[in-house]
Amino acid sequence: MSEKPPIHLENRTESGDKKFSPTAANNRAPISEVLLPLLSPNARVLEIASGTGEHALYICKRRPDIIWQTSDPDADSRASQNAWAREAEGRIKSSLDIDTMQEDWMHDLAEFDAIYCANMIHIAPWEAAIGLAKGAQKLLKLGQICVLYGPFKEGEKTAPSNLDFDASLKSRNPAWGVRDLEAVKHIFELHGFNLTQQTAMPKNNQILVFKRA
Ligand SMILES: C[S@@+](CC[C@H](N)C(=O)[O-])C[C@H]1O[C@@H](n2cnc3c(N)ncnc32)[C@H](O)[C@@H]1O
């Protein structure tokens, strides 16, 4: 039987269905500092590529008003998300099987006020980023936001560590790679979004906020 291709590049541990991401343990506090003020009261948030589900729980514990929908195409990740979600008193909904490369992934979904996606578009084919922008256009209304977190390339300004990361991703899968910020901005603009905030984060990551225009 062929082995499942990797969906992350870190050493995760687990206990039952719960998986522990060392990266999420480090970045969840700085991410929540930037993300929480962007979310309106009682916001309904759709998270794409929720991974272990630890970002969802961390953020929901800090904002008892919000409702969070996790998702991931990977079944083990969804099981982990659901296991962590049990600590959120029903505010994190049962994880959905969403793959943004599927044409109709956004159909039949409930209404959301914001979309959040961390560390996905570099570890998936470019079509996953295009699908994310396309779905966000269908799901979000004027003024609502799609928030991306991760490393990006910015020409000569690109951090050397992100160039190394890009090469290492491409050596594993030529369809992966740290994305050019301008290219990401371009596909979101094509789908009706403006980049309204760009925040530098630890370890040469960034948060990009795309607002539906
Ligand atoms: C590096 S992990 C990031 C997980 C989490 N967001 C975090 O930052 O800890 C990448 C995740 O992207 C998911 N993924 C890969 N391709 C995807 C796609 N086309 N649509 C949605 N999720 C995808 C994987 O299953 C995996 O859980």
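The chain is numbered in sequence order, starting from 1. From a predicted model like this one, the values you see are computed outputs, not experimental measurements.
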**Request:** Check the pair S161, N204 against side chain to side chain donor-acceptor pair (under 3.5 Å), reporting the backbone distance first and the verdict last.
**Result:** CA-CA 8 Å; S161 64; N204 299 314; 3.0 Å; yes
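- Using a 4.5 Å heavy-atom threshold, the side chains of L132 and I48 count as touching.
- Panel note: side chain R179, backbone I121; a donor-acceptor pair is recorded below 3.5 Å.
- Remark: D166 CG to S171 OG distance equals 10.0 Å, nearest 0.5 Å.
- Considering only heavy atoms from C-beta on, E14 stays 4.5 Å or farther from K18 through its side chain.
- A salt bridge is absent between E182 and K153; no separation between the charged side-chain nitrogens and carboxylate oxygens falls under 4.0 Å.
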**Request:** Dump the intermediate steps for side-chain contact (heavy atoms from CB on, under 4.5 Å) on L140 and C146, then the final yes or no.
**Result:** CA-CA 8 Å; L140 298 180; C146 180; 4.2 Å; yes
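- Of the N and O atoms on the side chains of Q197 and Q206, not one donor lies less than 3.5 Å from an acceptor on the other residue.
- One N or O on the side chain of S71 and one on the backbone of E47 form a donor-acceptor pair closer than 3.5 Å.
- For the ring-ring contact (aromatic ring centres under 6.0 Å, His included) with W84, the lone residue among Y58, F20, W68 that qualifies is F20.
- For an aromatic pair to be called close, the ring centres must be under 6.0 Å apart, and F152 with H122 fails this.
- Contact of the L169 side chain with the V178 side chain is registered, since non-hydrogen atoms from C-beta on lie closer than 4.5 Å.
- Side chain to side chain, D113 and S40 fail the donor-acceptor criterion of an N or O pair below 3.5 Å.
- Other residues, nucleotides and ligands contribute more than 12 heavy atoms inside 6.0 Å of the NZ atom of K170.
- Within a 6.0 Å radius of CG in D108, no more than 12 heavy atoms belonging to other residues, nucleotides or ligands are found.
- Taking R78 as the reference, D97 meet the salt bridge (charged side-chain N to carboxylate O under 4.0 Å, His left out) condition, with sequence neighbours excluded.
- Looking at L148 and I207, their side chains never come closer than 4.5 Å, going by heavy atoms from C-beta outward.
- Side-chain contact check for T23 and E10: at least one donor-acceptor pair (N or O, by modelled atom type) lies under 3.5 Å.
- By the 30° and 60° cut-offs, the orientation of the rings of F210 relative to F188 is parallel.
- For E89 and R91, the salt-bridge test fails: no basic side-chain N is under 4.0 Å from an acidic carboxylate O.
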**Request:** Let me see the working for K19 and E54 under salt bridge (charged side-chain N to carboxylate O under 4.0 Å, His left out), right down to the final yes or no.
**Result:** CA-CA 8 Å; K19 296 184 191 305; E54 291 164 283; over 6 Å; no
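- Using modelled atom types, no side-chain atom of N162 and backbone atom of A159 make a donor-acceptor pair closer than 3.5 Å.
- Between K141 and E111, at least one side-chain nitrogen of the basic residue sits less than 4.0 Å from a carboxylate oxygen of the acidic one, meeting the salt-bridge criterion.
- Between the side chains of H55 and Y149, no donor-acceptor pair of N or O atoms lies under 3.5 Å.
- Note on K134 versus E103: salt bridge recorded, some NZ/NE/NH1/NH2 to OD/OE distance being below 4.0 Å.
- Looking at heavy atoms from C-beta onward, N27 lies in side-chain contact with N119 at the 4.5 angstrom threshold.
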**Request:** For side-chain contact (heavy atoms from CB on, under 4.5 Å), just list the numbers for R12 and H8, CA-CA rounded to whole Å, side-chain angles, deciding distance to a tenth of an Å, and then say yes or no.
**Result:** CA-CA 9 Å; R12 289 182 179 168; H8 62 82; 3.2 Å; yes
**Request:** Give the C-alpha distance, both sets of side-chain angles, the deciding distance and a yes or no for side-chain contact (heavy atoms from CB on, under 4.5 Å) between S21 and T52.
**Result:** CA-CA 7 Å; S21 157; T52 62; 3.7 Å; yes
**Request:** Under the side-chain contact (heavy atoms from CB on, under 4.5 Å) rule, what do I98 and L109 come out as? Steps first, then yes or no, please.
**Result:** CA-CA 10 Å; I98 292 180; L109 289 181; 4.1 Å; yes
